[in-house]
Amino acid sequence: METKEIETKWQEKWEKDEVFKVEKNDKPKYYVLEMFPYPSSAGLHVGHAFNYTIGDVYARYKKLKGFNVLHPMGYDSFGLPAENAAIKANVNPKDYTTNSIANFIRQQKRLGITYDWSRVLSTSDEKFFKWDQWIFIQMFKKGLAYKKKSAVNWCPKCNTVLANEQVHNGKCWRHEDTDVEIKHLEQWYFKTTQYAEELSDFSKLEGWPSFITKLQNNWIGKSTGTLVKFNINNEDWEVFTTRPDTLMGVTFLVISAQHSRLLELTTKENLENVKKFVKKQNSVSSEDIDKLEKEGIFTGSYAIHPLTNEKVPVYAGNFVLADYGSGVVMGVPTHDKRDFEFAKKYNIPMKVVITPKNKILKVEDLEDAFIEDGILINSNEFDGLENRKAIKIITNKLKELGKGKDTVNYRLRDWLISRQRYWGTPIPVITCPKCGDVCLEEKDLPLRLPTDVEFGKGNPLETSKSFVNTICPKCGAPAKRVTDTMDTFVNSSWYNLRYADPQNDKEIFNKELANYWNPIDLYIGGKEHACMHLIYFRFYTKFLRDLGLVNFDEPALKLFNQGMVHGNDGNKMSKSLGNTVDVTEIIDKFGADVLRLYVVSVAGPESNFNWDDKGLDSTARFVNKVKSYFESVEIGKSNERTDSRIHTTLKQVDELIEQMKYNIAIIKLRELFESFETKESKENLEIFLKMFSLFCPHIAEEMWNNLGNKTYISKESWPILDESKINPDFDFADKYIENTRLDILQVQKLVKIEKINKIELFVAQKWKYDLYDKIKELLLIHKNPNEIIPKIMQSDLKVHGQEVMKILPKIIKTGSLPEYISFEKEFELIEEIKENIEKEFDCKVEIIKSDDSKEQKAKQSMPGKPAIIIS
RNA sequence: GCAAGAGUGGCGGAGUGGUCAAACGCGGCGGACUCAAGAUCCGUUUCCUUAGUGGAUACGCAGGUUCGAGCCCUGCCUCUUGCACCA
């Protein structure tokens, strides 16, 4: 049967018999989850296939191992692309999304993945996002959802907010000649910082790669420091610093150009210039900010130094983040690189306050900021202090004066969830002129998206009168709805829980079911989610735990980050670069099994790789070989050697799959398969098939069926390892036979004898085995091979000095002896293979013990390596 | 710029302190089969040397630790990913 027919046949059967449908039962549960995709209109590319195959292999493995495996799939279907399509191609985001999802499902089904399709969900479905809104209400009630002004990218032509993605080189994506501006809007936030402390504790995440926790830790960026109050225009402004020891060196302050209160401290004379400066800033992306040349402008205001009462100028600067600390930093040019650069540029005075021991540093000597530790100078009462100690002392002084306090600051900001977009979850809040912001009642959910909207002119929701105009649920007066929708990361922050009970319309999910399946045992996705998604995900879990909805602290116990599949040009796959590889194309040409096997055999699942069609051919060849072998194999009795090999491989593959080293596991499988003979036992064939089925389930089902089985291999159980069948001697024997064979071929080639008459094989002298044994013993005691040289020379092995000198270099180089077995066993083995060699080379073979031979050659024999004479 | 990773034969990639001239695959070369091609099978694929041997040189660059380093440390170069309104 054709591969394609086989695949369709089994996919239909699996679906009909609901083979992958799961319910709570008595078996131990295991939850495998791949990060759900955004259903792009382009369909699945091979990177998706990679992601899902990694999960599926593991899910199948765990299923066979007897676990009750939950392996669901869903769609993160809200998002910007659907809306962009609406603007550009004038299509309805809903239809666009529905089509994309249908396409995704069709393609995913063709991959033969063990998804329980009865649990499928999509986030743009009101049955799902209703519960986003429900969570929002809970956050609102607890004070974790709040509103504040914040800077956004603004296109004056579109009259709308732009995503960072829609800003190209400071210009709007739709208007290449229009500079993006920064505007301040009231925005909704989730207070992620409330959980910052707990989020920076990774102790409950044992199965997470350390580089992820490192990244997250840096992202959360806990730092302890001091909050210093500087008085500007009779108002105290708090400035966060980790270096209060340099406080006496402050010669200016810098407020972020994106600070919402910047204009409040700009004097009239400077207003125009500052506004101009702010207008020049054309991105809120921190990546862009860091790349900019440091620039600033004087605001006209002065701050009063809390200790010296000196007046220092306040600048607005493009390099200060509005959301970190208080958005205002103190400038100590002598002891901070950025401040130094800035002060040089604007001729701001400098003052050295820390100097290295035994030297007095002067401003004139400075070529760059002095950022090392030292002793305080020019700091009045603090002179002579070591700067590390001064941190505390100066902070204490500030505390006394009521001018400062210790503080813990996080780089992590509260999560801005407001999006001025249509295709997202509407924020369930009504703004009433009397009552302020009023949340919807739970019974009024879901708050649906209106359809009478216009795209391309500002925020689409604002164009829907029926949506905007409503009445206040509290007082009944006319009021307006909030027209923001929520960030799509909101949806992906709890979807794992909904899979446990996806149809529930009474509550967000059944607690018992959610707690039964969760936390996720294995969560699989790309590294690109290391910070944002995975932090929001953890944040939500903690919040829902505090609401009493779940009884665990972390959403996923083990995290696996697969590598990224790049195009064959080495770039990230993207439509615009034209380097995407479509899954359907590959399946049509090679079949799903080949694709599955290929993506996990080409490299380790964790490493990036560039897509290359060439490798598919060899994978297809292998798969075909397996297929045709099973179609023609004779069922017979197993021999001990195959048994040993099969159980050795089973043991290795088991461990390798557990560690997700699929590529190596496949190599072991291939090696095993190559050693199969035309007659094999049914039992051994079945063990192979079960391992093979993880990667190529369709063909495995078919072959399983061909062997006379009426069950599904997908629902079978993992083969039982019989360690007693593993005999390492067979391993040696295999190598020994192969090496001897190759040696004969080598010699034949060198002597150029085309037709061999006779082969003489000399098995090494018995004493050489004893010698080897002795050396082996010594190596056990002395790890360092160099140490055994004198030992040997002192012992009775000295008589064999010549032989020892021959093998010593090899031992030193490799740290061990060449492999060998006992004299008797080797002799037996070589006798055993005599016939095979005679057959292959069509000649007479003579086995000779070197002791019995006068032939010079015999002396060259070594344990595990017979000397050869061919004639 | 900041942060986290990565750099191994012609190529994809194994390999985290000694059994490495480098698993496995691709490609190249030679051979068998074939009228021929394909498929399949066998051999070969750093250099020198050799009746299957022995030696030299290799793991981004430069140093260091160690009896011993692809693997550990330091610096540099290059690439990848992320940087909060892409998901």
Side-chain angles (χ1 to χ4, degrees), chain A residues 35-38 40 76 78-81 84 152-153 161-167 187 209-212 214-219 221 284-292 319 323 338 411-421 487-489 492 526-533 535-536 561 563-564 566 570-572 601-604 607-610 612 614-615 617-619 621-622 624-625 661 663-664 666-668 670-671 739-740 742-753 783-787 809-819 857 860 865-870:
Chain A
M35 290 179 187
F36 65 170
Y38 174 78
S40 100
D76 194 11
F78 270 139
L80 195 56
N84 287 345
V152 291
N153 300 311
V161 174
L162 296 180
N164 284 339
E165 195 190 52
Q166 293 172 322
V167 179
Q187 307 266 291
S210 64
F211 79 90
I212 296 281
K214 249 187 234 167
L215 276 168
Q216 285 204 5
N217 197 39
N218 292 341
W219 184 271
V284 296
S285 156
S286 64
E287 184 189 0
D288 296 339
I289 290 169
D290 277 344
K291 279 180 189 158
L292 285 176
F319 63 99
D323 296 310
R338 286 180 310 179
R411 209 185 73 96
L412 180 75
R413 323 204 283 250
D414 279 343
W415 177 11
L416 196 171
I417 58 149
S418 280
R419 298 291 181 268
Q420 288 67 44
R421 316 206 170 276
D487 182 4
T488 58
F489 275 123
S492 52
K527 301 174 183 55
E528 63 274 20
H529 293 292
C531 289
M532 307 179 61
H533 162 59
I535 286 179
Y536 300 143
N561 286 110
M564 195 171 274
H566 290 223
N571 291 312
K572 198 173 165 175
S601 62
V602 64
S607 46
N608 297 341
F609 69 96
N610 295 353
D612 186 3
K614 279 183 212 149
D617 291 323
S618 96
T619 306
R621 253 193 323 259
F622 172 66
N624 277 332
K625 263 200 275 181
K661 294 185 172 175
N663 52 332
I664 312 289
I666 291 162
I667 287 168
K668 298 294 172 200
R670 284 179 87 134
E671 283 171 353
N739 286 341
T740 307
L742 290 176
D743 283 352
I744 294 170
L745 280 167
Q746 185 78 253
V747 177
Q748 183 190 11
K749 207 175 144 193
L750 285 162
V751 297
K752 299 192 176 88
I753 295 177
K783 184 104 178 85
N784 182 353
N786 285 318
E787 288 171 28
K810 198 153 198 170
I811 296 172
I812 289 167
K813 202 174 158 193
T814 62
S816 64
L817 273 177
E819 257 185 279
K857 199 79 207 164
Q860 291 180 9
K865 191 168 177 60
I868 298 163
I869 294 182
I870 70 175

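Below, chains carry the letters A, B, ... as their sequence lines are ordered, and counting in each starts from 1.
Looking at A:Gln187, its side chain never comes within 3.5 Å of a backbone N or O of A:Ile417 through a donor-acceptor pair. Looking only at distances, a side-chain donor or acceptor of A:Asn153 sits under 3.5 Å from a matching main-chain atom of A:Val284. Between the side chain of A:Asn663 and the backbone N or O of A:Val602 there is no donor-acceptor pair closer than 3.5 Å.
Residue contacts for A:Gln216: at a heavy-atom cut-off of 4.0 Å it reaches no nucleic acid atom on any strand shown. In this structure, A:Arg338 reaches neither bases nor backbone, as no heavy-atom distance under 4.0 Å exists between it and the strands shown. Contacts of A:Gln860 with the nucleic acid, taken as non-hydrogen atoms under 4.0 Å apart, include base atoms. A:His566 comes within contact range of the sugar-phosphate backbone alone, with a heavy-atom separation under 4.0 Å but no base atom that close. Nucleic acid contact for A:Trp415: none, since no nucleic acid atom lies under 4.0 Å from a heavy atom of the residue. Contacts of A:Lys572 with the nucleic acid, taken as non-hydrogen atoms under 4.0 Å apart, involve only primed sugar atoms and P, OP1 or OP2. Among the protein residues, A:Leu412 comes within range of the nucleic acid bases, having at least one heavy atom under 4.0 Å from a base atom. At the heavy-atom level, A:Ile870 lies under 4.0 Å from base atoms of the strands shown. Base engagement by A:Ser418 is indicated by at least one non-hydrogen atom pair under 4.0 Å involving a base atom. If you check every strand for non-hydrogen atoms under 4.0 Å, A:Gly526 touches nothing. Looking at heavy-atom distances under 4.0 Å, A:Phe319 makes no contact with the nucleic acid at all. Looking at heavy-atom distances under 4.0 Å, A:Asn608 makes contact with sugar-phosphate atoms alone, never a base. Using a 4.0 Å heavy-atom cutoff across all strands shown, A:Met564 reaches sugar-phosphate atoms only and no base atom. Counting non-hydrogen atoms under 4.0 angstrom, A:Val284 reaches nothing in the nucleic acid.
Note that A:Arg338 lies outside the cation-pi zone of A:Phe319, set by a 6.0 Å cut-off to the ring centre and a 45° limit from the axis.
Taking atom P on both nucleotides, B:A87 is separated from B:G28 by 45 Å, rounded to a whole Å. Between the P atoms of B:C73 and B:G7, the separation comes to 13 Å (whole Å). Taking atom C1' on both nucleotides, B:C42 is separated from B:U65 by 47 Å, rounded to a whole Å. Separation of the C1' atoms belonging to B:C33 and B:U40 is 9 Å when rounded to the nearest angstrom. Annotation: B:A22 and B:A58 have their C1' atoms spaced 10 Å apart (nearest Å). Here, B:C76 and B:C83 have their C1' atoms 25 Å apart, quoted to the whole Å. Nucleotides B:G55 and B:C72 place their P atoms 28 Å apart, quoted to the nearest Å. For the P atoms, the distance from B:G13 to B:U81 is 15 Å, rounded to whole Å.
The side chain of A:Lys625 has B:C41 as its nearest neighbour among B:A4, B:G1, B:C41. The side chain of A:Gln746 lies closest to B:G52, out of B:G52, B:G25, B:C85. Nearest nucleotide to the side chain of A:Ser285, out of B:C86, B:A3, B:A84: B:A84. Here the side chain of A:Glu671 is nearest to one of B:A23, B:C86, B:C26, namely B:A23. Comparing B:G13, B:C85, B:G52 by their closest approach to the side chain of A:Leu416 singles out B:C85. With B:C26, B:A3, B:C85 as the candidates, the nucleotide lying closest to the side chain of A:Gln187 is B:C85. In this structure, the nucleotide among B:A3, B:G1, B:G25 sitting nearest to the side chain of A:Glu287 is B:G1. For A:Asp487, the side-chain atoms get nearest to B:C85 when compared with the rest of B:U53, B:G43, B:C85.
Atom CH2 of A:Trp219 and atom P of B:A3 are 14 Å apart (whole Å). Between the C1' atom of B:G25 and the CD1 atom of A:Ile666 lies a distance of 11 Å, rounded to the nearest Å. Rounded to an integer number of Å, the gap from A:Asn153 CG to B:C83 P is 14 Å. Between A:Ile535 atom CD1 and B:A4 atom P there is a gap of 14 Å when expressed in whole angstrom units. Across the protein-nucleic acid pair, A:Asn610 atom CG and B:U80 atom C1' stand 10 Å apart, rounded to whole Å.
In this structure the side chain of A:Thr488 never reaches within 4.5 angstrom of the side chain of A:Arg421, judged on heavy atoms. The shortest side-chain heavy-atom distance between A:Met564 and A:Lys572 falls under the 4.5 Å cut-off.
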- Item | Pairing annotation in dot-bracket form, given for RNA chain B with Watson-Crick or G-U pairs under 3.5 Å and | for cross-strand partners | ((((((((.[[[..)..(.....]]]((((((.......))))))(((.....)))...[[[[[..)....]]]]])))))))....
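With rounding to the nearest 0.5 angstrom, the CG atom of A:Asp612 is 14.5 Å from the NE2 atom of A:His566. With rounding to the nearest 0.5 angstrom, the NZ atom of A:Lys668 is 11.0 Å from the NZ atom of A:Lys661. The distance from atom OG1 of A:Thr740 to atom CD1 of A:Ile868, rounded to the nearest 0.5 Å, is 6.5 Å. Separation of atoms CG (A:Asn561) and CD1 (A:Ile212) is listed at 4.0 Å; rounding is to 0.5 Å.
Between A:Ser607 and B:G12 there is no side-chain N or O to OP1 or OP2 distance below 4.0 Å. Residue A:Lys857 places none of its side-chain N or O atoms closer than 4.0 Å to OP1 or OP2 of B:G52. Applying the 4.0 Å criterion to OP1 and OP2 of B:C26, one finds that A:Arg621 has a side-chain N or O inside that range. Between A:Arg419 and the phosphate of B:C85, there is a side-chain N or O to OP1/OP2 separation shorter than 4.0 Å. Between A:Lys291 and B:C83 there is no side-chain polar atom (N or O) within less than 4.0 angstrom of OP1 or OP2. The phosphate of B:A87 (OP1 or OP2) has a side-chain N or O of A:Thr488 nearer than 4.0 angstrom. Between A:Ser601 and B:G25, a side-chain N or O to OP1/OP2 separation shorter than 4.0 Å is absent. Applying the 4.0 Å criterion to OP1 and OP2 of B:A4, one finds that A:Asn218 has a side-chain N or O inside that range. Contact annotation: A:Asn164 reaches the phosphate of B:A84 (side-chain N/O to OP1 or OP2, under 4.0 Å).
Glycosidic conformation of B:G9: syn, with the torsion inside 90° of 0.
With hydrogens and angles left out, the side chain of A:Gln420 and the base of B:C85 share a donor-acceptor pair within 3.5 Å. Below the 3.5 angstrom threshold, one finds no donor paired with an acceptor across the side chain of A:Glu528 and the base of B:C86.
Ring geometry for A:Phe489 versus A:His529: interplanar angle over 60°, hence perpendicular rather than tilted (30 to 60°).
The residue among A:Phe211 and A:Ile869 whose nearest nucleotide of RNA chain B lies closer to the 5′ end is A:Phe211. A residue-by-residue look at A:Val602 and A:Ser210 shows that A:Ser210 has its nearest nucleotide of RNA chain B further toward the 5' end.
A donor-acceptor contact closer than 3.5 angstrom links the side chains of A:Gln166 and A:Asn84.
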